[in-house]
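Here is the structure we will look at.
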Amino acid sequence: MSVALIWLVSPTSDLSNRLGLFDTTKFETLSKSRNLLKRNKIKKHKCKSWYMNVNVGRKQDIVSRVVANPSGELAVTSEQLVYEVVLKQAALVKEQMREKEEDVEVKGDDIVVPGTVGVLLSDAYDRCGEVCAEYAKTFYLGTLLMTPERRKAIWAIYVWCRRTDELVDGPNASHITPKALDRWESRLEDLFNGRPFDMLDAALSDTVYKFPVDIQPFKDMIEGMRMDLRKSRYKTFDELYLYCYYVAGTVGLMSVPIMGIAPESQATTESVYNAALALGIANQLTNILRDVGEDARRGRVYLPQDELAQAGLSDEDIFAGKVTDKWRNFMKKQIKRARAFFDEAQQGVTQLSSASRWPVWASLLLYRQILDEIEANDYNNFTRRAYVSKPKKLISLPVAYAKSLVPPSRNGPLSKAMDL
Ligand SMILES: CC(C)=CCC/C(C)=C/CC/C(C)=C/CC/C(C)=C/[C@@H]1[C@@H](COP(=O)(O)OP(=O)(O)O)[C@]1(C)CC/C=C(\C)CC/C=C(\C)CCC=C(C)C
Ligand SMILES: [Mn+2]
């Protein structure tokens with residue numbers, strides 16, 4: 001019986017079970033062994049191959065960030081590597097939009113999901129909406145403002161991301177091996193090829209058929225989960241940046257094709273994708289800064305080791321959990337960096353289609369305020385969890401709404417004219 005059907009009749013309220021993840025150990029037994037040591041793409045990418053793809057606007061900026069690795073070879077930084085993905089995604093979206101315009105076959109939601117007995121696609125989307133409503137209430141409310149097609153697509157993506165994260169963070173996490181993630185990845189490929197495994201996959205399969213969504217960011221998110229399994233320290237911000245891209249920047253890249261860019265926007269597609277990437281990075285950095293104590297109790301330190309050392313701090317200080325002046329100063333710098341990513345993201349939100357702007361502004365403002373709360377807690381993120389109170393959340397919603405009414409400006413910072 002498919003996971004979907006077990007999931008449908010399951011009386012349990014446990015998130016992993018409800019997300020259909022309780023059988024992931026079977027992926028491990030089913031999957032063939034694969035070479036798992038194909039990582040650290042940075043070393044494989046030489047300056048030249050990357051450099052040739054870069055647009056003129058950012059060339060100067062990026063060249064200054066080319067670094068030499070210990071063997072003296074010029075290697076690109078994570079930021080440059082990820083920017084390649086951004087450029088590819090932006091190019092793909094333009095191409096796929098054109099293809100879809102020529103060959104649009106609109107499918108209804110009343111079709112039966114292949115491999116199931118009578119499960120309709122509309123049921124699959126409804127289920128995604130329910131999961132979303134239960135685990136991300138405010139965000140769910142925001143999606144109700146979007147057009148029905150877009151809202152359902154975002155729910156389907158949300159559910160896939162939640163399930164992916166749950167593999168390594170959920171109650172069955174101790175059973176998850178790189179092989180299980182390989183199985184999850186081949187299941188992803190299947191759904192992109194129109195062969196979904198269960199009803200939640202079926203919703204995403206339909207979404208990626210209807211919208212110009214590429215598989216790469218989804219694969220990269222799984223790569224982030226692999227990274228989480230094998231790594232608990234990050235030597236530099238460059239290493240941390242790559243992790244943040246994998247687990248969160250990818251969400252931005254997955255979402256833009258659904259959210260849509262405003263027809264009146266003068267911004268380049270790349271710049272909008274870049275802003276979406278920045279929002280994911282900002283959110284993840286904020287997540288990390290909020291959860292320092294919690295992560296340390298799991299033996300994990302998602303902070304650049306070199307920056308800790310420069311501040312006169314070490315892992316031991318984090319495990320001891322004492323708020324000292326050294327810690328406060330270190331935190332101030334980390335918060336400043338996260339805010340810079342939020343600033344970069346803000347420029348892009350206005351370029352999105354009008355109905356998509358409100359939920360994005362709302363999530364940006366809410367997440368950004370977590371940084372203010374860390375400050376308000378006098379940087380004690382060891383034993384106090386920074387959270388945004390209900391009244392503050394409520395105030396943010398009309399603020400976000402007001403911001404969402406601002407149309408893309410003709411001569412904004414992301415304007416096409418800047419690329420000439
Ligand atoms: C131009 C422009 C600015 C466009 C907007 C693009 C956009 C919608 C970006 C969204 C960015 C976003 C919400 C990123 C999520 C970042 C995040 C918090 C990732 C978490 C990863 C794992 O971290 P960790 O395990 O440390 O965290 P927990 O303790 O488990 O919380 C994630 C949990 C990965 C899984 C991500 C999700 C479940 C969120 C998926 C969200 C969407 C698909 C919807 C995004 C849409 C809106 C409107 C926000
Ligand atoms: Mn998680």
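Counting starts at 1 for both ligands and their atoms, following the listed order.
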Here the pair of heavy atoms bringing M146 nearest to R150 is CE-CB, 4.1 Å

Quick one: look up the protein heavy atom nearest atom 32 (C) of ligand 1 and list residue, atom name and how far away it is.
V247 O, 4.2 Å

Under 4.0 Å from one or more heavy atoms of G252, ligand 1 contributes atoms 6 (C), 7 (C), 9 (C)

Those residues that, when tested against A386, pass side chain to side chain contact (heavy atoms under 4.5 Å, CB included) (two or more places apart)
R290, I370, E373, I374, N377

Which protein heavy atom lies closest to atom 42 (C) of ligand 1, and at what distance to 0.1 Å?
V251 CG1, 3.6 Å

R290 N/O under 3.5 Å from ligand 1 N/O
no

Return the orientation label for the F218 and W160 ring planes: parallel under 30°, perpendicular over 60°, tilted otherwise.
perpendicular

Say whether N287, considering both its backbone and side-chain N or O atoms, lies within less than 3.5 Å of an N or O atom on ligand 1.
yes

Taking ring pair (Phe, Tyr, Trp, His ring centres under 6.0 Å) as the criterion, tell me which of Y140, F139, Y125, Y135 meets it with Y158.
F139

List every atom of ligand 1 that sits less than 4.0 Å from any heavy atom of S363, numbering the atoms from 1 in the order shown and giving each element.
49 (C)

Please indicate whether any nitrogen or oxygen in D165 is less than 3.5 Å from any nitrogen or oxygen in ligand 1.
yes

The protein heavy atom nearest to atom 45 (C) of ligand 1 is S255 OG, 3.9 Å

For the Mn ion (ligand 2), which protein N/O/S atoms are closer than 2.8 Å?
D165 OD1, D165 OD2, D169 OD2

Numbered atoms of ligand 1 (with element) below 4.0 Å of N283, judged on heavy atoms:
11 (C), 12 (C), 13 (C), 14 (C), 16 (C)

